[in-house]
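Below is one structure. I have some questions about it.
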Amino acid sequence: MKIVLASSNEHKVQEINEIAADYGIDVKFILPPNNFNPIENGKTFQENSYIKAREAWKLAKSWILADDSGLCIDALNGAPGIYSARYADTPELRIKRVLNELNGTADRKAYFACAMTLINPQGKVEYSFEGRCEGTIIREPRGKNGFGYDPIFLPRNYTKTIAELSEDEKNQISHRSVALRQILNYIKTNLLITEIH
Ligand code: ITT
């Protein structure tokens with residue numbers, strides 16, 4: 001089964017395909033055409049994932065999965081949240097801004113959230129789910145793997161940042177893998193036809 005991932009983030013599609021391959025069902029995610037440029041003006045991750053899914057459906061009219069994700073920091077009242085991708089011009093500057101805003105703050109609690117929406121070829125929402133990964137923000141970036149805010153995020157009960165974990169290790173615990181497993185489970189149970197002998 002081919003599903004268009006309503007995204008232009010190559011890291012996301014790579015991560016999602018790795019998680020799906022591990023799950024053991026025949027689903028492959030592909031990126032939409034280059035002119036995919038949704039206006040993410042929703043107020044929640046869930047609303048934005050729906051907006052992305054609808055825009056991709058208009059282009060492809062096939063199965064669509066959209067992921068809207070971000071980092072929510074308690075001491076910053078949930079910021080950067082839905083603005084995570086736009087918090088500054090580059091990933092490095094976004095990290096710098098977060099660390100500056102948290103300068104001197106003892107409460108470092110945060111979580112990554114990922115809302116996913118699955119739309120069917122008729123354009124109706126089949127399923128949606130939000131996954132989370134809880135942790136804390138450290139004071140200096142560490143590690144080179146992953147993307148975005150991974151170098152400053154220490155998952156709960158870990159001593160390494162996500163950027164210091166292998167892809168496999170990230171995929172065991174990430175907000176994206178929590179949401180995607182739920183979606184894959186739905187697909188397996190409801191959409192893949194199994195032959196009865
Ligand atoms: P698309 O909208 O095209 O999918 P995007 O990168 O703009 O790509 P989002 O709108 O969902 O995606 O914004 C998510 C931002 O949140 C992303 O750019 C990162 O800065 C951050 N983020 C999300 N998931 C992350 C992860 O697994 N690790 C680190 N940062 C993440």
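Keep in mind that what you see is a predicted model, and the values were worked out from it rather than measured. Just so you know, these numbers use all the heavy atoms, side chains as well, and skip hydrogens, waters and symmetry mates. Just so you know, ligand 1 is whichever comes first in the structure, and atom 1 is the first atom listed for that ligand.
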From the options Lys96, Arg94, Glu101, select the one residue that forms a side-chain hydrogen bond (donor to acceptor under 3.5 Å, both in side chains) with Tyr87. Glu101
Tell me the side-chain hydrogen bond (donor to acceptor under 3.5 Å, both in side chains) pairs involving residues 23-32, sequence neighbours left out? Tyr23-Asn185
If the condition is salt bridge (charged side-chain N to carboxylate O under 4.0 Å, His left out), which residues does Glu15 pass it with, not counting sequence neighbours? Lys170, Arg176
Would you list the atom pairs, donor with acceptor, under 3.5 Å between side chains in residues 56-63 and any protein atom, with sequence neighbours excluded?
from: Trp57; atom 1: NE1; to: Asn120; atom 2: O; distance (Å): 3.4
from: Trp57; atom 1: NE1; to: Pro121; atom 2: O; distance (Å): 3.0
from: Lys58; atom 1: NZ; to: Glu55; atom 2: OE2; distance (Å): 3.0

NZ/NE/NH1/NH2 to OD/OE distance under 4.0 Å, Glu130 and Arg132: yes
How would you list, by chain and number, the residues with a heavy atom under 4.0 angstrom from ligand 1? Ser7, Ser8, Asn9, Lys12, Glu40, Lys52, Asp67, Asp68, Ser69, Gly70, Ser84, Ala85, Phe112, Phe147, Gly148, Tyr149, Asp150, Lys170, His175, Arg176
Geometric class of the Phe147/His11 ring pair [parallel <30°, tilted 30-60°, perpendicular >60°]: parallel
